[in-house]
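Okay, structure first, notes after.
In what follows, chains carry the letters A, B, and so on, assigned in the order in which the sequence lines appear, proteins first and then strands, with residues in each chain numbered from 1.
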Protein chains: 2
Amino acid sequence: MDKKIEIPDDVKQIADFAKAMSHPVRVYILKKLSSRNSCCYSGDLVDELPIGRSALSQHLKELKHAGLIQGEIEAPFIKYCINKENWGKLKTAFSEYLFNEVDDIILKH
Amino acid sequence: MDKKIEIPDDVKQIADFAKAMSHPVRVYILKKLSSRNSCCYSGDLVDELPIGRSALSQHLKELKHAGLIQGEIEAPFIKYCINKENWGKLKTAFSEYLFNEVDDIILKH
DNA sequence: TAAGTATTTCGCAAAATTACGAAATGATTA
DNA sequence: TAATCATTTCGTAATTTTGCGAAATACTTA
């Protein structure tokens with residue numbers, strides 16, 4: 001007599017994306033890399049952000065693991081850029097999650 | 001010679017909202033309450049979600065604390081609804097964060 | 001090969017998150 | 001008043017997150 005559901009994949013997906021964005025430093029990095037499609041180095045970020053190198057590195061690792069950024073070796077640097085494909089998926093997922101509501105639909109008759 | 005910045009408030013705001021949405025149960029609840037503006041009781045949710053009463057209660061508390069839902073006493077129940085004002089703020093903040101990018105703007109001339 | 005640069009990984013510690021069952025709360029019904 | 005019902009709070013434990021400095025890695029230049 002249980003009506004227990006398994007939480008749907010699209011809901012889990014939003015939670016995963018949200019977790020990747022749940023720290024100010026990561027939100028800052030994503031904003032920087034996604035807007036005007038720029039790329040940057042770990043060193044650029046550590047100069048402007050109020051955390052140390054190793055902490056930053058972990059945030060980059062986390063974003064990389066979430067598929068939202070990618071690092072390209074450009075020795076002796078690593079150039080980090082947005083992962084356009086997955087960033088696009090995130091935007092689509094959030095659009096649908098946030099805006100596909102009955103209240104937002106203007107019904108024509 | 002430090003270029004260290006303080007992380008801007010709009011970035012922190014996104015991180016706070018994202019943290020509220022960083023767990024599948026909370027995403028599920030927000031989806032349920034925001035779409036078609038429905039309300040529900042803790043008991044409804046505990047029947048369908050794969051967690052216990054006390055864990056659910058904590059998630060509701062967290063969403064309430066984030067300002068995204070509100071509880072109205074309707075004894076012996078508590079009726080939970082979306083907080084429209086703050087949910088609207090969340091949607092605006094995410095829209096701006098995700099979509100105000102040069103790439104998304106079609107330039108007219 | 002040695003020294004230097006950019007970055008990550010390791011080891012650690014503090015704090016936050018998540019979940020549970022038991023007990024407490026507050027209102028209702030018998 | 002006692003029993004019941006819906007829900008929250010408490011106490012606890014396991015896990016995850018966050019951040020630091022030191023050490024390691026990897027590549028380049030002198």
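- A donor-acceptor pair shorter than 3.5 Å cannot be found between the side chains of A:Tyr97 and A:Gln13.
- With salt bridges taken as basic N to acidic carboxylate O contacts below 4.0 Å, none links A:Glu48 and B:Lys4.
- At least one donor-acceptor pair closer than 3.5 Å links the side chain of A:Asn86 to the backbone N or O of A:Gly67.
- Between B:Asp16 atom CG and C:dA16 atom C1' there is a gap of 14 Å when expressed in whole angstrom units.
- Looking only at distances, a side-chain donor or acceptor of A:Ser38 sits under 3.5 Å from a matching main-chain atom of A:Lys32.
- Between B:Tyr80 and B:Glu72, the side chains place no donor N or O within less than 3.5 Å of an acceptor N or O (distance only, hydrogens not considered).
- Atom pair B:Leu49:CG and C:dT18:P shows a separation of 14 Å (rounding to whole Å applied).
- Side-chain contact between A:Phe94 and B:Met21 is present, with heavy atoms from C-beta onward closer than 4.5 Å.
- The closest donor-acceptor contact from the side chain of B:Gln70 to the backbone of B:Ile82 lies under 3.5 Å.
- Near DNA chain C, defined here as any heavy-atom distance below 4.0 Å, the residues from residues 22-32 of chain B are B:His23, B:Arg26, listed numerically.
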Produce the list of close N/O pairs, under 3.5 Å, pairing protein atoms with atoms of nucleotides 7-11 of chain C; give distances to one decimal.
{"residue": "C:dT7", "atom": "OP1", "partner": "A:Ser42", "partner atom": "N", "Å": "3.4"}
{"residue": "C:dT7", "atom": "OP2", "partner": "A:Gly43", "partner atom": "N", "Å": "2.7"}
{"residue": "C:dT8", "atom": "OP1", "partner": "A:Tyr80", "partner atom": "OH", "Å": "2.2"}
{"residue": "C:dT8", "atom": "OP2", "partner": "A:Ser57", "partner atom": "OG", "Å": "2.8"}
{"residue": "C:dT8", "atom": "O5'", "partner": "A:Ser57", "partner atom": "OG", "Å": "3.0"}

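- At a threshold of 4.5 Å between non-hydrogen side-chain atoms, the residues A:His59 and A:Leu45 do not count as touching.
- Here the side chains of B:Ser57 and B:Lys61 are not in contact, with every heavy-atom distance at 4.5 Å or above.
- Nearer the 5' end of DNA chain C, as judged by each residue's closest nucleotide, is the contact made by A:Lys19, out of B:Ala75 and A:Lys19.
- Along DNA chain D, read 5' to 3', the first and last nucleotides having any atom under 4.0 Å from a heavy atom of chain A are D:dT17 to D:dT28.
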Between B:Glu96 and A:Lys31, does the salt bridge (charged side-chain N to carboxylate O under 4.0 Å, His left out) criterion hold? Intermediate values first, please.
CA-CA 11 Å; B:Glu96 289 177 0; A:Lys31 186 189 179 85; over 6 Å; no

